[in-house]
Protein chains: 2
Amino acid sequence: MERVQTLLRNHDIRPSYTRMAIYRYLDENRNHPTVEAIHEALSASLPTLSKTTVYNTLHLFIRHHLVKEIDLQDHKRYDIVQEPHAHFKCDVCDTLYDIDIVPPNAPTHDDIVDVRDVQLVYHGTCKRCQQAV
Amino acid sequence: MERVQTLLRNHDIRPSYTRMAIYRYLDENRNHPTVEAIHEALSASLPTLSKTTVYNTLHLFIRHHLVKEIDLQDHKRYDIVQEPHAHFKCDVCDTLYDIDIVPPNAPTHDDIVDVRDVQLVYHGTCKRCQQAV
DNA sequence: TATATATTTGTAATGATTACATTTTTATGG
DNA sequence: CCATAAAAATGTAATCATTACAAATATATA
C-alpha cells in the first residue's frame, strides 16, 4: 500500500484520490504554496478539481495536524508539518524560505494556558533580490 | 508643543489633526486594534473620518517605522513600535496579548541578506476562555 | 489673497475566503 | 449485484477586508 495512503489513514483521514494528490503535492513541493498554486498545479492531472475542494482538504489536514497555515500579509501559505522551524519571507519576490531555527517556547504568562502553535517569521530582502538591484 | 506633534515631526510626518488622533489612539490603546476598531473609536470625535484615511495613515506610520502590522488569520492588527516582543493570540476570543520575550535573531543563512522585521506569534487558548468552558 | 501641494474623503473595484446547495463518488447491508 | 446512505467534491454566489482612484477639502507659501 502506498505510503501516503497509510499516512492519511493513520491520521483518521479517508485517503481519497484527491486528498492523496493534494498531500503528495505538498510533500513534494515544499515551497509553501498558496491555494491558488496548489489548484493550478493539480488542475493538469485533475481537471475537475475545484478551489473549494483545495480549501476543504487543507482545512481537514490542518484539523488533523498534517498541515500548518502560515499567515502573511496577503495570501495564506500551507506547509507540511515537520520539525519546528521558522520562515523568512522576501518582501520583494514573496518567496518564503525555511529557516532552521527552533522558535523559543512561550514563557509562562498569566493569560496563557494552552499553546498549540508558534509562528516565527522574518521579513526582509533575499540575496537574489538584493543582487538584482 | 504637544509630545505627539513633536514625535510625528521627528519622523518626517506632518502632524495633521487626524494623524495625531490616530497616533494618540494607538498610543493609549495598546490592544493591537484592527482598522475597523480604530475607525469606530475615532468616529465619535472625528465624524467624517473615513476608513481609507485610517488605512493611509497606518501605512504612512509603517513606512516611517512608527507602527508595525501584525498578520493574523483574519484581520490585520496594528501595534505601536516598541521594544521587540512577541504576541499570543487566543484563537477563541481573538485577543492578542503582549508577551515579554525577545524574538531570536535570524541566523546567518545563504538566502538572507537583509532582515527588517520579525514576527513571533503564539496561538492557543487564553486563561479566561479556558475557564469559561 | 492666489496658487500649488498635501491631506482627506467616498465610491468602486479587487480578490481571497467562505457558505451552501447540488452532484458525484464511495461504502455497506440485504 | 443492487439499493441506499454517507462521504467527498463541485460550482456558484455571498462576504468582507483591502486597495485604487478620482474628487473634494484643507494647508502652506509666495
Side-chain angles (χ1 to χ4, degrees), chain A residues 1 4-5 8-9 11-25 32-64 66-78 89 91 94 96, chain B residues 1 4-5 8-9 11-25 32-64 66-78 89 91 94 96:
Chain A
M1 183 151 65
V4 171
Q5 198 173 340
L8 293 184
R9 280 237 172 79
H11 285 263
D12 291 322
I13 294 171
R14 296 168 71 161
S16 75
Y17 189 78
T18 309
R19 286 169 180 176
M20 291 201 290
I22 292 175
Y23 187 87
R24 228 181 277 116
Y25 180 81
H32 323 91
T34 60
V35 163
E36 183 69 30
I38 298 170
H39 181 256
E40 194 174 323
L42 293 180
S43 284
S45 51
L46 294 168
T48 69
L49 180 68
S50 75
K51 260 189 208 168
T52 302
T53 297
V54 179
Y55 277 109
N56 288 343
T57 305
L58 288 171
H59 293 156
L60 178 73
F61 287 172
I62 290 169
R63 283 199 303 280
H64 290 257
L66 280 172
V67 164
K68 274 180 156 189
E69 191 173 86
I70 307 167
D71 304 315
L72 300 179
Q73 300 105 314
D74 42 1
H75 315 321
K76 292 173 183 162
R77 311 291 189 97
Y78 297 89
K89 160 121 190 296
D91 287 328
D94 282 350
L96 198 62
Chain B
M1 185 149 69
V4 172
Q5 197 172 341
L8 293 185
R9 281 236 174 79
H11 286 260
D12 291 321
I13 294 171
R14 294 167 71 161
S16 75
Y17 190 77
T18 308
R19 288 169 177 175
M20 292 202 289
I22 292 175
Y23 188 88
R24 228 180 277 115
Y25 181 80
H32 322 93
T34 61
V35 164
E36 183 69 29
I38 298 170
H39 181 254
E40 194 174 323
L42 294 180
S43 284
S45 52
L46 295 168
T48 69
L49 181 67
S50 74
K51 261 188 207 169
T52 302
T53 298
V54 179
Y55 278 107
N56 288 344
T57 305
L58 288 172
H59 294 156
L60 178 73
F61 286 172
I62 289 168
R63 283 199 304 280
H64 290 257
L66 279 173
V67 163
K68 275 181 154 188
E69 191 173 86
I70 306 167
D71 304 316
L72 301 180
Q73 301 104 315
D74 44 2
H75 314 323
K76 292 175 183 161
R77 311 291 189 97
Y78 297 89
K89 158 118 189 300
D91 288 327
D94 283 350
L96 198 63

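Note that these values count all heavy atoms, side chains included, but never hydrogens, waters or copies made by symmetry. Lettering of chains follows the sequences in order, A, B, ..., and the numbering in each one begins at 1.
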[X] has an atom [atom1]; how far is it from atom [atom2] of [N], in whole Å?
X	N	atom1	atom2	value
B/Glu36	D/dT19	CD	P	15 Å
A/His75	D/dC16	NE2	C1'	16 Å
A/Ile13	D/dA9	CD1	C1'	16 Å
B/Gln73	D/dT18	CD	P	13 Å
B/Arg9	D/dT27	CZ	P	13 Å
B/Leu72	D/dA17	CG	P	14 Å

Can you give the first and last nucleotides of DNA chain C, 5' to 3', that have an atom under 4.0 Å from a heavy atom of chain A?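 Contacts span C/dA16 to C/dA27, reading 5' to 3'.
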Got a sec? Which of residues 37-58 of chain A come in under 4.0 Å of DNA chain D, heavy atoms?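 The answer is A/Thr48, A/Leu49, A/Ser50, A/Thr52, A/Thr53, A/Asn56.
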Taking DNA chain D as the partner, which of residues 14-21 of chain A come within under 4.0 angstrom of it by heavy atom?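 Residues of residues 14-21 of chain A under 4.0 Å from DNA chain D: A/Arg14, A/Ser16, A/Thr18, A/Arg19.
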Sequence neighbours left out, what passes salt bridge (charged side-chain N to carboxylate O under 4.0 Å, His left out) with B/Arg14? Give chain and number order.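 Result, salt bridge (charged side-chain N to carboxylate O under 4.0 Å, His left out) vs B/Arg14: none returned.
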Quick check: closest heavy atoms across [X] and [Y], and the distance to 0.1 Å?
X	Y	answer
B/Tyr25	B/Ala37	OH-O, 4.2 Å
B/Glu36	B/Lys51	OE1-NZ, 2.7 Å
B/Leu46	B/Ala21	CD1-CB, 3.8 Å

Can you sort out the partners of [X] under side chain to side chain contact (heavy atoms under 4.5 Å, CB included), two or more places apart, ordered by chain and number?
X	result
A/Asp74	A/Leu72, A/Asp94
A/His75	A/Thr34
A/Ser50	A/Thr52, A/Thr53

Please identify each residue that fulfils side-chain hydrogen bond (donor to acceptor under 3.5 Å, both in side chains) with [X], with sequence neighbours left out.
X	answer
B/Lys68	B/Asp117
A/Glu40	none
B/His39	none
B/Tyr78	B/Glu69

